[in-house]
Amino acid sequence: MSGLGLRAGDPRAGPLGIMQSCLDVVIPYIHDRKQFGQAIGEFQLIQGKLADMYTTMNACKSYVYAVAKSLHRGQTTRKDAAGAILYAAEKATALALDAMQILGGNGYINDFPTGRLLRDAKLYEIGAEPRRSGAC
């Protein structure tokens, strides 16, 4: 696998943790933040965005876990591992951007970890880029 294998506790599965952290920040915020006399979590747009974030995170988990299982059985290739890592990294960046958008201006200040989550997600994405790392 020359550096692409997914192992237990592997830091390349970090995008999954970033996605979970984004949801962990957003969910309490949408219940606490009030606009127009109601929690923003009651707005249909926010509910749809949250559903998309949750679905994306679980799809990435399924993909990464399936590749990891195949890798454990010796039934996967470097391209499979690289694809899982890259896909999860790209989606982690998208989720971090969604989290920042939901938090509005609060997403940019250091009172919330969304800015750090975005930076971390983008680093995973850059590191997982097959064209740059020579993985494929």
Side-chain angles (χ1 to χ4, degrees):
M1 288 290 126
S2 111
L4 282 177
L6 296 171
R7 295 176 296 281
D10 195 314
R12 287 167 293 189
L16 300 179
I18 291 172
M19 288 185 251
Q20 183 64 58
S21 294
C22 288
L23 287 171
D24 291 346
V25 170
V26 165
I27 291 172
Y29 183 84
I30 65 171
H31 293 294
D32 295 339
R33 175 77 167 100
K34 305 281 191 243
Q35 191 65 38
F36 306 111
Q38 60 185 357
I40 64 169
E42 295 179 28
F43 298 133
Q44 188 174 6
L45 178 69
I46 298 297
Q47 291 172 356
K49 190 171 285 289
L50 187 63
D52 289 343
M53 291 171 70
Y54 181 78
T55 303
T56 299
M57 180 188 70
N58 283 314
C60 287
K61 281 183 182 180
S62 294
Y63 185 22
V64 170
Y65 294 168
V67 169
K69 275 186 183 178
S70 295
L71 180 69
H72 183 69
R73 291 189 306 260
Q75 300 172 334
T76 192
T77 67
R78 290 171 43 119
K79 290 180 183 178
D80 294 328
I85 293 165
L86 177 61
Y87 184 77
E90 288 174 344
K91 294 304 179 182
T93 300
L95 257 71
L97 286 168
D98 286 344
M100 287 185 81
Q101 185 176 13
I102 290 171
L103 268 66
N106 286 327
Y108 291 91
I109 61 175
N110 290 333
D111 292 348
F112 292 91
T114 48
R116 179 184 51 82
L117 292 170
L118 177 60
R119 289 189 301 273
D120 291 350
K122 192 61 182 173
L123 283 174
Y124 275 108
E125 187 178 342
I126 291 167
E129 189 69 38
R131 291 182 299 273
R132 294 188 186 136
S133 67
C136 291

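Not measured: the values here are computed from a predicted model.
Taking CG of N58 as the reference point, atom OH of Y65 lies at 9.0 Å (rounded to 0.5 Å). One distance of note links CG of D24 with CD1 of I18; it measures 12.5 Å at 0.5 Å rounding. Interatomic distance, L86 CG to K91 NZ, rounded to the nearest 0.5 Å: 10.5 Å. With rounding to the nearest 0.5 Å, the separation of CD1 in I30 from CG in L50 is 4.5 Å. Here CD of E125 is found 13.0 Å from CG of D120. Values are rounded to the nearest 0.5 Å. Interatomic distance, OG1 of T114 versus CG of L97, reported as 10.0 Å (0.5 Å rounding).
Residues A88 and C60 share a closest heavy-atom pair of CA-SG, 4.0 Å. Contact detail for A84 and V64: the closest heavy-atom pair is O-CG2, 3.9 Å. What you find for A81 and V67 is that their closest heavy atoms are CA-CG1, 3.8 Å. For the pair A96 and L118, the tightest heavy-atom approach, listed with the atom from each and the gap, is CB-CA, 3.6 Å.
Two residues are said to be in side-chain contact when any heavy atoms from C-beta on lie closer than 4.5 Å; M53 and I102 meet this criterion. In this structure the side chain of Q38 reaches within 4.5 angstrom of the side chain of F43, judged on heavy atoms. Side-chain contact check for D98 versus Q101: some heavy-atom pair is nearer than 4.5 Å. Using a 4.5 Å heavy-atom threshold, the side chains of Y29 and I40 count as touching.
The local environment of NZ in K34 is crowded, with over 12 non-hydrogen atoms from other residues, nucleotides or ligands closer than 6.0 Å. Atom OH of Y54 sits in a sparse spot, with 12 or fewer heavy atoms from other residues, nucleotides or ligands closer than 6.0 Å.
A single hydrophobic cluster is not seen to contain both M100 and V25; linkage of ILVMFWY side chains at heavy-atom distances under 4.5 Å, directly or through other members, places them apart.
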With side chain to side chain contact (heavy atoms under 4.5 Å, CB included) as the test, would you mind laying out the steps for L16 and M19 before giving the verdict? CA-CA 5 Å; L16 300 179; M19 288 185 251; 3.8 Å; yes
